[in-house]
Amino acid sequence: MMVQQARILLAENQPLVALDFEFALCDAGYEVLGPVGELTEGLRLAEETRPDAAVLDVQLADGHVFPLARALMAAGVPIMFVTAHVAEERIWPATFRNCPRLGKPVDPEVFRRTAAGLLAAREDEAPAGVAVA
């Protein structure tokens with residue numbers, strides 16, 4: 001019996017950074033959905049693929065990622081943010097203040113550990129196969 005890889009949606013608008021994150025996630029054994037650089041793309045992909053977790057940059061090509069983050073959270077999908085805006089408290093809606101936030105540039109090992117923690121939390125709290133609303 002083959003075990004399915006955890007699927008992580010990656011939203012990052014900088015192609016080289018997205019590639020680094022994609023490689024780190026793939027090396028850790030995850031299936032990467034995306035990467036997507038636009039909010040509209042991320043919303044579509046989330047609805048179509050039902051990710052197990054998500055790694056999100058705050059600023060995408062067409063605006064802030066927060067609508068996608070809200071949709072994912074409503075569906076029980078754990079999220080983490082990786083952004084240059086980690087310390088700018090004024091941009092963070094209260095809903096996301098307790099989500100993991102990593103500042104760019106991010107240490108690859110910290111990135112992998114945080115992603116693994118998202119999936120461990122999902123296994124402990126959320127039912128599998130929750131669709132994005």
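Count residues from 1 along the sequence.
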*asked:* Angle between ring planes, Phe111 versus Phe21, binned at 30° and 60°: parallel, tilted or perpendicular?
replied: parallel

*asked:* Pair Leu33, Ile8 - check side-chain contact (heavy atoms from CB on, under 4.5 Å), show working.
replied: CA-CA 6 Å; Leu33 306 173; Ile8 299 180; over 6 Å; no

_pair Thr83-Trp92: side-chain heavy atoms closer than 4.5 Å_ = yes

*Measure across Met73 and Cys99 and return the closest heavy-atom pair with its distance rounded to 0.1 Å.*
SD-SG, 4.1 Å

*Gln59 side chain reached by His64 side chain, heavy atoms, under 4.5 Å*: yes

*If we only count heavy atoms from C-beta on, is the Val17 to Glu12 side-chain gap below 4.5 Å?*
yes

*Shortest non-hydrogen contact from Val77 to Pro51?*
CG2-O, 3.6 Å

*Could you pull out the closest heavy-atom pair between Leu118 and Ala54, with the gap in Å?*
CD1-O, 3.7 Å

*Shortest non-hydrogen contact from Gly34 toward Glu22*: O-OE2, 4.2 Å

*Give the intermediate values and the outcome of side-chain contact (heavy atoms from CB on, under 4.5 Å) for residues Thr114 and Val110.*
CA-CA 6 Å; Thr114 305; Val110 171; 4.0 Å; yes

*Can you measure from CG (Asp107) to CG (Leu102) and round to the nearest 0.5 angstrom?*
9.5 Å

_I'd like to know if Asp57 pairs up with Lys104 as an ion pair, taking the criterion as any Lys NZ or Arg NE/NH1/NH2 lying under 4.0 Å from an Asp or Glu carboxylate oxygen._
yes

_Check ion pair Arg112-Glu109 (N to O, under 4.0 angstrom)_ = yes

*Non-hydrogen side-chain atoms of Glu41 and Leu39 separated by less than 4.5 Å*: no

